[in-house]
Amino acid sequence: YTIVLIYIPSERIMMMMQDVWNQLGPAIATIMFAWTMYLNYFPHELRGHLRRYTDKLVSYIYPYIHITFHEYETDGWFERSKAYVAIERYLSKNSSIQAKRLKATVVKDGQSLVLSMDDHEEVTDDYEGAKVWWISNLKEANRPTFAWYAKEDENRYFKLKFHRKNRDLITISYLKYVLDEGKAISVRERQRKLYTNNKGSDGGFGGYNRRMWSQVVFEHPSTFDTLAMEPNKKQEIMDDLETFSKSKDYYAKIGKAWKRGYLLYGPPGTGKSSMIAAMANFLQYDVYDLELTAVKDNTELRKLLIDTTSKSIIVIEDIDCSLDLTGQRKPKKEREKDEKVEKDAIKEELKKAGEEKKQSEVTLSGLLNFIDGLWSAIGGERLIVFTTNFVEKLDPALIRRGRMDKHIELSYCCFESFKVLANNYLDVTSHDDYFPEIHHLLGETNITPADVAESLMPKSSKENADTCLERLIKAIETAKVEAKLKAEEEKEEKEKEENENEKKKKEAAAAEEAKRADDVNENGTSMETTSVKEKPESDGAKENGKSEIVKD
């Protein structure tokens, strides 16, 4: 090998650079002059054609394809594009490694930090051997404006760049993978919320600036592990929920909206609210607590449904007490009579109170349409849960299958439920001295899980498991005695009521018999009077007959 070293003096280099700059300066000036003339004098009608043909010419040379994803869509009613949000979450894992300038976002009530690339940053990604580039850009407004929404001030967007030979792979497979993965990351890292509907009223600008729901962070600790329920029944509910969450394609195949209804019923204190919280924690869903008495009418009820998101549980607790929805299927005349009496009573109360109060106009028909009407299919992946203490009071049309698909009875505490509570509250799984007696007592006595839990909870640091179990036994024995006394009182009241009814029946029968006797007496008197009136006439006839005989 021969190595040749060429020495060029520094003066020579400086002269060469000066010649380059001398030639580059006029070229740049010429380009700027031509660009200024183009902007000022070239017709706008022809610019589109020129741009189109220029891009077409460049495409023969430039081998890359660009796809743009804007932060706000033109028809999104000022909502961030779901595709943009999904891409942002997907790129967060690469941004923290590759990008030099990052943006930090706090999620889950400050418990975790999400890093995403800042504006004008670029990261790369590989998918099945194909390399792609993601660029984050920001287009600012040309002039200062007063905007109600951020999208009028600036426009952020992601630009995807890839080689044209990978067009099918990127557009068919990669983009779907990015969106699905981004949505999954958002669900895992999102801060779940508990919503409640605001009181129906007309706000400014026709009410459009009024938020339909108020929200707080959902932090309820209840899980299926802490629920006092039979293990087999608990597992059945968990399997049902898991199957539903994975059945998007199946629901589309059978032509049904991706939703499911649950009816939770049973005595107070049996864990209906805890069951709802456990369902939400199991599926990682938000919870919308709908207060029907605060809903103005059926139209507002529909708007509330539209304003909910997917992956959520819509809850109406104590639906038998929320509104009078049970008597709307009575005969028309009877219903109108009841409504008139109720309205008159309400008017009297309002007059006495000296104030007007708007009543909810939600009807049974509106609620049924809310559950499984055309609007119920919006969003998808929702659970609708009703709770009630008296399932027999509800209209059968409201709780039939197809609306409330699964009915779950939450009853009194059994021994299996007690063992769950004992493990949760006392870390005790068995006890030879107390468990057999408790098993026997629970088989004879109705006591709610809430009452059992209250007895098992230590009231001071000095109390141990034995103390709490003894207190529970006393509570169950007391409940047994009270139930016996209550049963005897109810029996006495029932016998008293039956005796009163029997007495009333006898009195009514006696009154009917007396009335019948009076009617008979009245009829007999009238017949005697009639016979007395007819008797003189017959005597007169006899006398006339005698006179006729004498005359003859």
Side-chain angles (χ1 to χ4, degrees), residues 28 31-32 35-36 38-39 44 47-48 50-107 113-127 130-167 169-186 189:
I28 294 174
I31 293 173
M32 292 179 64
W35 181 249
T36 304
Y38 169 78
L39 292 177
H44 289 273
R47 291 184 185 181
L50 181 61
R51 178 65 182 271
R52 185 170 67 253
Y53 288 114
T54 302
D55 291 343
K56 189 174 181 180
L57 180 63
V58 172
S59 64
Y60 289 109
I61 306 171
Y62 189 71
Y64 293 100
I65 297 175
H66 291 217
I67 301 178
T68 302
F69 301 88
H70 291 277
E71 184 177 11
Y72 292 94
E73 298 175 350
T74 55
D75 58 348
W77 192 250
F78 307 110
E79 291 185 26
R80 298 183 78 198
S81 167
K82 294 181 180 180
Y84 182 92
V85 174
I87 293 170
E88 184 179 41
R89 302 313 299 271
Y90 172 78
L91 293 177
S92 61
K93 61 181 181 181
N94 288 341
S95 301
S96 59
I97 300 174
Q98 300 181 23
K100 296 180 180 179
R101 291 183 297 113
L102 301 170
K103 293 187 297 184
T105 305
V106 178
V107 296
L113 198 67
V114 176
L115 300 177
S116 58
M117 59 180 178
D118 203 354
D119 301 325
H120 310 295
E121 280 288 328
E122 177 179 309
V123 295
T124 60
D125 193 19
D126 292 318
Y127 181 74
K131 187 176 182 180
V132 299
W133 291 262
W134 287 98
I135 304 100
S136 174
N137 286 324
L138 170 65
K139 183 179 179 181
E140 298 181 354
N142 295 328
R143 61 183 184 278
T145 58
F146 178 77
W148 290 100
Y149 299 94
K151 66 172 288 186
E152 299 181 15
D153 288 338
E154 55 192 18
N155 182 17
R156 286 184 172 83
Y157 60 92
F158 287 118
K159 182 177 288 186
L160 172 63
K161 184 177 73 173
F162 57 91
H163 200 280
R164 58 188 175 194
K165 68 179 181 181
N166 300 319
R167 174 191 286 267
L169 176 65
I170 300 301
T171 56
I172 297 175
S173 301
Y174 177 68
L175 287 179
K176 185 178 184 302
Y177 166 76
V178 169
L179 296 178
D180 292 343
E181 188 67 18
K183 290 178 182 177
I185 294 173
S186 299
E189 297 181 350

What distance separates [X] [atom1] from [Y] [atom2], expressed to the nearest 0.5 Å?
X	Y	atom1	atom2	answer
I87	F69	CD1	CZ	4.5 Å
E121	N137	CD	CG	10.5 Å
I170	H163	CD1	NE2	12.0 Å
I135	E122	CD1	CD	4.5 Å

Pair D125-Y174, side-chain donor/acceptor within less than 3.5 Å: yes
So which heavy atom on [X] is nearest to which on [Y], and how close?
X	Y	result
K161	Y64	CG-CB, 3.9 Å
Y90	I185	CA-CD1, 4.2 Å
L179	A86	O-CB, 3.9 Å

Does K183 NZ have over 12 foreign heavy atoms under 6.0 Å away? no
Flag yes if more than 12 heavy atoms outside R101 fall under 6.0 Å of its CZ atom; otherwise flag no. yes
Within the distance-only criterion (no hydrogens, no angle test), does the side chain of R156 pair as donor or acceptor with the backbone N or O of S136 below 3.5 angstrom? no
Would you say that [X] contacts [Y] through its side chain, given a criterion of any heavy-atom pair below 4.5 Å between the two side chains?
X	Y	answer
L175	I67	yes
Y127	V178	no
T171	I65	no
M117	F158	yes

Considering residues at least two apart in sequence or located in another chain, which fulfil the side-chain hydrogen bond (donor to acceptor under 3.5 Å, both in side chains) criterion with Y62? H66
Partner set under side chain to side chain contact (heavy atoms under 4.5 Å, CB included) for T68, not counting sequence neighbours: H70, Y157, K159
